[in-house]
Amino acid sequence: MQLHARRRHALARCRALITAAAVVLALAALLCFSRVPPGGLLAAPAQALQLTPARRLHVRLGAVKSSTATDTPASGGSRHRSTTWVDAAVLLPDWEVLVLLRPDTPAVDATGNATCRFRGGASSPARALGRLPAPATSGRRAYSCVVPVPARGHKTLPAPQLVVTPYSSWTSKKKIPTSTGGGGRSPEMLKWSGRLVYESAVVDGGDVLVFAKGVNPRQGVNRPASDIQCVYYRRGDDDNADHVVATLPAATSAQQVIRCPPPPTPVQQEPQELRVTLAVTGQEPLPSLALYAPPWSGSTSTLAPEKKLICACTMVRDVAKFLPEWVVYHAAVGVDKFYLYDNGSEDDLADQLHQLSSAGYDISTVAWPWTKAQEAGFSHSAAVHQNLCEWMAFIDVDEFIFSPRWNQSDIPDASSMLRSVVSSLEPDVGQVSLGCADFGPSGQIGNPKEGVTQGYTCRRRTHERHKSLLRLDAVDDSLVNSIHHFALRPGFRGEWNKQVRVNHYKYQAWEEFKVKFRRRVSTYVADWTDPVNLKSKDRTPGLGFEAVEPVDWKNKFCEVNDNLLRDATRRWFGVGFGNGPARPRTGTSSS
C-alpha cells in the first residue's frame, strides 16, 4: 500500500511539473507575439488597426524576389540571369498601366526597349518615366504601358511582366517578374479609380505627407484629421499578413494630402522596409503604394545647398517645345531655379532639358505620373522645397510674369524686376497675387515660330484669374491649395500687386489649343469633354464638349492689342525668341 501511495504521489508531482512547464511556455509565446517595440506606440485597439490579409485587401502588393533567365542568349551563348522586383502596377484611365519597380531593383537600362507582357501573351511597348519622388535618397523606377485590346476582356487584370532589352547589349533581356511565391500568379492591378494611397514624402521636421485618393473626394469638403489613422506596417510574405508596427493620429487632412507624424524612432532604425497607409474610422485601410524611409541625416560636414530667392514650379506633359522660351525668359527676369513635375510626357522633354541645362539653367524634374493630381503635386513641391527656395511661383508654361514697366528696359535686370517684387514686401506677407491677362489666337493658325510672347499680341480686356508668388515658409500645414493659390499659416497674409501681371497665352492657335481636350490635370476641374459646368470660368466661352474648331477661332478673344511683352523680348533676345536656349543679348542672367 505504501509503495502504491508513493507511486501515486510521484505521478501527481510529475503531472504538476508538466502543467507548470506548459503554462510557462504559453506565457512566453504570448509575450513574444504581442511584444510592443521599444519606445511604445500610440495605438488604437487592435481590432480597429489590424490590416487584413492581402486576399481581402490590396495593401500587400504581392511583389517577391524571383530569379528569371533571360529569353535570348547573350553573346558567347551564355544566358544572363537577373534578380529583380516589380513592386506594383496601377491601372490608370484610358487603359494606361503604371508599373513600379522596387527601390532595391538592380540597375535597368532606362534607355532600352521595354515591353509589358500581359496574361494570355499580349504585350505593348513600355516607356521609362524615371524615378518617382522618394522619401529618402532613392525612389522607385516607373514605367508606363497600355493594356492591349486582347487583354482587356479578362474579368481580372493581373499586373504585367516588364521585359527590358538594353540598347548596350541588344541580345540580352532582363525579365522583371511579378509572380507571387509558389503560386506563380501575378497580383491583380490596383485601380486608380478607387481608394488608394499613392505617394509619401518626408518633410523638414520629420512629418510624413501621405497622398491619397478617396479620403477627401469632394472639393472643399475635408474629413477631420481626427477620423484618420496613419498606419505604418511591414509587408508580409505569401503566408503571413502585413504586420502593423505603429498607428498614429493624422495631424491634418485636406484634399489628397494627409499629414502624419513619423513612426517611433526604434521602428525607423529597424532595417526592414517600412510602408505607410491610412485607415479612416469605420473603414478598412486604403490599398497603398507608399513607402516610408527616415530622412537622410548625411554628414555634418556636408554643406547645405544654397537657398534660392525665387523658384518656379510647373506641371508639364508634352510641352517641351515651349520650355526654352519659358525658362530663358523667367531666368532673365529673376527666377533662380525651376522645378518641372512631369505628368508622363511622351515628347522630347529630356532633350530640351539637356540643352537648357548645358546652357547653364538650373532645372530639376520630378516624375509625377498620377492622373488629375495637380493640386497634390503642387502641395508636394511647396512642402519638400522649403529648404531650397524662399519664394515659389506656381505658373504654367503658357504663362509669363511681366510688368509693363519692364518694357522700358533695354536689357532684363533681375534685381529690378521679379526680385524687387518680393524684396519690398512687409515681413508678414506670405503670398503675392498677380492678375492674369488672357491672350487669344491673334490671327495665328499654327504655333508661332517666333514664340508665344512674340506671336500672340491680342488679349481680353478684363483679368478673370490670378496666379501667385508664394513664400514657402508661410504655407499652412494642411497645404490646401487651388492650384496656384495656397492657404497661409496664421500670422501671414496675402497681398495683390497691381504693377505686375501674368501674360497667359491661354487661347492659342487651334492646333495647339485642341490638345487640351485630352485631359486636364487638376483634380477638381472637369475635363473639357465632360458635359458639366458649362458656365464655369475654367471653360472657354463658346466652346462645346468636343474638339471641334469654332467658327473664326483665330480672331476670338481679341479686345485689346497688347505688344508690350513682344517688344521687350525682341529687344532682350531678338526676333524668333522661341527657337532655342539663349541668353539675353547683353547683361547677365539670374544664375
With heavy-atom distances below 4.5 Å as the criterion, would you say the side chains of [X] and [Y] are in contact?
X	Y	result
Leu190	Leu196	yes
Ser468	Phe394	no
Leu91	Val97	yes
Val502	His484	no
Pro404	Arg501	yes
Glu325	Thr569	no
Leu470	Asn481	no
Trp368	Pro133	yes

* Provide the full list of salt bridge (charged side-chain N to carboxylate O under 4.0 Å, His left out) pairs with a residue in residues 422-448, sequence neighbours left out, each pair given once. => Asp428-Arg493
* To do: Test side-chain contact (heavy atoms from CB on, under 4.5 Å) on Gln454 and Arg570 and set out the steps.
  => CA-CA 8 Å; Gln454 295 181 16; Arg570 282 182 173 179; 3.7 Å; yes
Using every non-hydrogen atom in the two residues, find where [X] and [Y] come nearest and quote the distance to one decimal.
X	Y	result
Tyr143	Leu162	CD1-CD2, 3.5 Å
Trp572	Val333	CZ3-CG1, 4.1 Å
Asp396	Lys467	OD2-NZ, 4.1 Å
Phe513	Gln508	CB-O, 3.8 Å
Pro148	Ser123	CG-O, 3.4 Å
Thr314	Trp326	CG2-CH2, 3.7 Å

* Is the gap between the ring centers of Phe400 and Tyr329 under 6.0 Å? -> yes
* Would you say the ring centroid of His330 lies under 6.0 angstrom from that of Phe338? ->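 Not under 6.0 Å, so no.
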Is the side chain of [X] donor-acceptor paired with the backbone N or O of [Y] at a distance under 3.5 Å, no angle test?
X	Y	answer
Arg259	Asp477	yes
Ser442	Gly440	yes
Gln352	Leu323	no
Asn497	Leu434	no
Ser288	Ala290	yes
Asp476	Ser478	yes
Ser200	Leu291	yes
Asp342	Ala367	no
Arg571	Ser409	yes
Tyr507	Trp553	no

* Asp336/Arg419 under salt bridge (Lys or Arg N to Asp or Glu O under 4.0 Å): CA gap, chis, key distance, verdict -> CA-CA 10 Å; Asp336 303 302; Arg419 292 175 184 173; 2.7 Å; yes
* Go through the steps for Leu425 and Arg471 under the test side-chain contact (heavy atoms from CB on, under 4.5 Å), then give the verdict. => CA-CA 11 Å; Leu425 297 171; Arg471 180 175 161 180; over 6 Å; no
* **Donor on one side chain, acceptor on other, Ser253 and Asn216, under 3.5 Å** => yes
* How about Tyr505 and Asn503: does a side-chain donor come under 3.5 Å of a side-chain acceptor? ->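 Note: Tyr505 and Asn503 side chains meet the donor-acceptor criterion.
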* Answer yes or no: is there an ion pair linking Lys506 with Glu399, defined by an N-O contact shorter than 4.0 Å? =>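 Answer for the salt bridge query: no.
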* Evaluate the side-chain contact (heavy atoms from CB on, under 4.5 Å) criterion for residues Glu512 and Phe322: first the C-alpha distance (whole Å), next the side-chain angles of each, then the deciding distance (0.1 Å), finally the verdict. => CA-CA 11 Å; Glu512 297 297 337; Phe322 299 110; 3.6 Å; yes
* To do: May I ask you to check whether over 12 heavy atoms, not counting those of Lys554, lie within 6.0 Å of atom NZ?
  => no
* Asked: Heavy-atom count around Arg405 CZ within 6.0 Å, excluding the residue itself: above 12?
  ->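 12 or below, so no.
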Approximate separation, where rounding is to 0.5 Å, of [X] [atom1] and [Y] [atom2]:
X	Y	atom1	atom2	result
Arg127	Cys116	CZ	SG	11.0 Å
Trp510	Lys556	CH2	NZ	10.5 Å
Leu92	Met189	CG	CE	9.5 Å
Leu418	Ile310	CG	CD1	4.0 Å
Leu289	Trp370	CG	CH2	5.0 Å
Asn447	Glu450	CG	CD	9.0 Å

* Asked: Do the rings of His380 and Phe211 sit parallel, tilted or perpendicular, given the 30° and 60° boundaries?
  -> tilted
* After noting the C-alpha distance and the side-chain angles of His485 and His466, does the key distance pass the side-chain contact (heavy atoms from CB on, under 4.5 Å) rule? -> CA-CA 8 Å; His485 185 91; His466 72 275; 3.2 Å; yes
* For Glu559, what residues pass the salt bridge (charged side-chain N to carboxylate O under 4.0 Å, His left out) criterion, not counting sequence neighbours? ->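 Applying salt bridge (charged side-chain N to carboxylate O under 4.0 Å, His left out) to Glu559 gives none.
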* Write out all pairs satisfying disulfide bond (SG atoms under 2.5 Å apart) with one or both partners inside residues 346-437, taking only residues at least two apart or from two chains. =>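 Listed once each, the pairs are Cys311-Cys389.
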